[in-house]
Engineer: 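Have a look at the structure that comes next, please.
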Amino acid sequence: MRPDTLFQRITDYANRADPYPLYAELRENGVTRQTDGGYLVGTYQEIAELLHDPRISSDIGNRTDPDEDILRRPDPPAFIGVDDPEHDRLRRITMRPFGPPHSPGRIDALRADITRITDDLIGSFRDKDRIDVVDDFAYPLPVTVICRLLGVPFEDVPLIRAWTNAIIASFDFAPEKDDRDHQERLRAGMEARIAMAEYLGGLADTRRDRPTDDMLSALVNDAGPDGRLTREELKSTATLLLIAGHETTVNLIANGALTLLRLPQALRLLRDRPELMPNAVEELLRYEPPVHMLPQRTPLTDIEVAGVTIPKGARLILMLASGNRDPLRFKDPDHFDPTREDNQHFGFGSGVHNCFGAPLARVEAQIALSALVPHLAGLRPAEDPPPYRRSALLRGPRHLVIERA
Amino acid sequence: MSGERRDGRIVIVGASLAGLRAAETLREEGFGGTLTLVGDEPRPPYDRPPLSKQVLLGRVRAQDVGLPGRRDVDARWRLGVAAVGLDPIGKQVLLADGERLPFDRLLIATGTRARPWPNPEEAALDGVMTLRTADDAARLAERLDAGPRRVLVIGAGFTGSEIASACRERGFEVTVAERGPSPLVGALGGALGALAATVQRAHGVDLRCGVTVTSLRGRDGRLIGAEFSDGSRIEADIAVVALGAVRNTEWLADAGLAAGPRGVACDAGCRAFNMYGIVTDDVFVAGDVARFPHPLFEYQILALEHWGNAVAQAEVAAHNMVSPGPCRRPHLTVPAFWSSQFGLNIKSVGVPTFSDQVVVAQGSLRERRLVAVYGYRGRVTAAVGVNRAKWLGYYQGLIETAAPFPPRPGAADPPASGVPVPSDVPSPQTLSHGPTVALTGHVPDRRLTLVRHD
Ligand SMILES: Cc1cc2nc3c(=O)[nH]c(=O)nc-3n(C[C@H](O)[C@H](O)[C@H](O)COP(=O)(O)OP(=O)(O)OC[C@H]3O[C@@H](n4cnc5c(N)ncnc54)[C@H](O)[C@@H]3O)c2cc1C
Ligand code: HEM
């Protein structure tokens, strides 16, 4: 069957390499209702308003028609899927060992580690003529960093990888509800999530009263003004951090490498002016964001968006990557400009659920891409476009093989 | 035309937040003429909000709150000398040391000073202080380091309440005296004022509302205590007078401008009015000293003592000083300020005192976690977040679009009741602390006398 709704075309794997023309169509059409009852929003202004609107829920329990999504929901859900006031409480407790004001030095302390891991990875492929940027570089870095941050022992990293792969593969939209493979992926994703949560819960238990210098230890041992997470809350929070904390960063680094290989001018600019890298990473988050959409939102009451009433309980999908290319907001939106100044992109979302790990993700991407830039000259992708991952939500290359031109 | 406006001589009087930001914006916008900043404080511009917070907690020293510059302003700095007069015809600013500074355009950014204790003898007692400048903060911090037995805070507006909070956090006994019915009531109205009272008491403040301090008692030149209008007395070795601010406009007494105790009136483009209500084109105003009409609040003339307003207004004033008529911008920013005290993070957008009703839109007073939305005649005019600043962007949108009040329900973390109540904003006369937003009305400060310059 030919996919027909815009959303089906966007999620259709055939359009993964270049969904941007579809986003232009979406912005042109305004807020559109899909035949399955979902509403797509792709314009900057409207997305910004919805992300700051307290009447928009992140808890899919508020859907009138909770489809199979509800099955994926861990119990209790992690704070990415929870509303105020619980969201605020959980996020605050989790922030305590991660960032300011209580732990202002945590991310800076990881800098040296990130640099060393990056250098080791680069060293291991420096002399090769062919490397896979994803497998040899973009993947190992974030997973090692997030494991170190949380306190997952190095030898368990492969375990984490396998679980994460299964979970991410289940973040997908079935073209048809009775798609067998899809059901299978959902089941495997759920199992992986349970196993990962159990593993992390057990790990945290070993840290109780025997703290090491990592976030899990801090989360089980230290209590701030809001108290501590329960064991169940801790399990789902740690699972969230592990998953949210690495797949996205992989894609950012891989998308970055691909973008620079495609645009030699930008590559040259960054080689000559390395101080532009922080700005270039922001531009990358706008131009090729790892998270293309937020499919979890639901209005708590009927709301009007750009003249369209979206009913309470409807499935609301915010197309972040489309907002990032909205010509009403960004000058020359399809141009990658590492010197762009006015750049309030949606790469990390916005509003109360904005990315918790953004400061870490920024540091990782800046260090990784800065280290990569000097090695990219004279290389080209073996295939362009490269093969993409399945997911339309977390979009990035599955492999990015590069070789001497 | 535009070339002319980008050179010439600009003088800025008041070298603090508004003055510095204006100077930076002038240069950013290509002003290539000579720029002079006059400030009566000897220090380079510094930031005041930390003075009642981190400095009193001993986390930051009073001399370390310098304002970071955004860019080089290439200006002549006349610090440590006050402007004492303005000659509007000869276009000169007169300085206390006798210097006359000619200008083509002038920015008035002289802000406010702390309202002093009305009895000069009592005010002179050792231990009686105010808090407006870095020197004030340094003196107060030093006294606190010495471990006072009891601190009396007179006036429970934002500054007074923040001082009380810092003192309690450091374990000192604190008495707060407020003439009005509760702390913060002048800025936030009755409901949040009552919350502030509960919170202060829960933090161990000896809070006395509805009373005034009738005298400060001294012995050998040192403060030893105070007496209240209800006949009670306390012993105290420090009294911080936090009775609000006085606008620094005395130096403009003979300048023919619409300047007086309520500030210098200007239009939406920050151009000062003269005493006849005619707008000038070479004298601009920004920051705490300005009062200006705001379209979102029925063109009422507002005087705001807000950090964010000082910055935004300075930027607009500077832009307009170097831009020809059609390129000028109005100062329309929605007022906003924040305060942190007693573990509460309070943030306000809009003008809460411009209201007749208030409703808790999200959260709850009991949990000290809420958004209160204020309305005036059925329109949203303000919102205040208590430990809930993150949603305020949404409510700011409601203020900007004059959305109907009360806002429709449906927001996350819904309140138990959601029924609007009167906002109970008292008239400023009944408060110890001045409100930090004043609706100063449409009328000029003084009766007009015709003055002829010929
Ligand atoms: C203790 C404290 C805490 C605060 N906390 C907050 C807060 O949490 N949030 C918030 O939004 N706002 C806060 N504010 C208010 C904020 O600091 C002011 O809004 C801001 O400083 C206004 O800047 P301004 O440049 O307009 O005026 P000012 O900072 O008052 O500067 C005016 C300057 O002009 C000088 N001057 C006056 N007369 C003359 C003259 N004749 N000649 C030469 N120079 C002159 C003054 O000495 C002063 O240096 C706080 C203020 C204080 C005092
Ligand atoms: C380039 C890398 C990353 C990108 C592009 C990214 C993107 C995002 C986006 C768009 C959201 C918003 C989700 C929503 O609104 O529903 C989000 C939330 C979140 N991210 Fe990231 N992220 C990245 C890296 C990280 C890292 C390294 C961590 C952990 C250390 C992390 C942890 C989280 C968490 C916990 C949330 C949920 C926040 C909340 O609901 O309050 N992310 N991220």
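The sequence lines fix the lettering, A, B, ..., with proteins before strands; numbering per chain opens at 1. When reading the values below, keep in mind they use all heavy atoms of this one structure, side chains included, and skip hydrogens, waters and symmetry mates.
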Engineer: At a 4.5 Å cut-off on heavy atoms, which part of B:Pro409 comes close to chain A: side chain, backbone, both, or neither?
Structural biologist: backbone
Engineer: Out of the candidates B:Arg369, B:Arg388, B:Lys390, only one should pair with A:Asp88 under the side-chain hydrogen bond (donor to acceptor under 3.5 Å, both in side chains) rule; please name it.
Structural biologist: B:Arg388
Engineer: Near A:Gln344 CD, under 6.0 Å, is it more than 12 heavy atoms from other residues, nucleotides or ligands?
Structural biologist: no
Engineer: Does a donor on one side chain and an acceptor on the other come within less than 3.5 Å for A:Asp53 and B:Trp391?
Structural biologist: no
Engineer: Can you tell me if B:Arg70 has over 12 outside heavy atoms packed within less than 6.0 Å of its CZ?
Structural biologist: yes
Engineer: Under a 4.5 Å heavy-atom cutoff, which of A:Ile56, A:Asp83, A:Asp302, A:Leu300 has the most pairs with chain B?
Structural biologist: A:Leu300
Engineer: Is it the case that more than 12 heavy atoms not belonging to B:Arg366 sit under 6.0 Å from its CZ atom?
Structural biologist: no
Engineer: Taking the side chain as everything from C-beta on, heavy atoms only, tell me whether B:Tyr394 gets closer than 4.5 Å to A:Glu49.
Structural biologist: no
Engineer: Of the listed residues (A:Leu51, A:Thr301, A:Val352, A:Ile303), which shares the most heavy-atom pairs with chain B below a 4.5 Å separation?
Structural biologist: A:Val352
Engineer: What's the spacing between A:His87 NE2 and B:Asp413 CG if we round to 0.5 Å?
Structural biologist: 12.5 Å
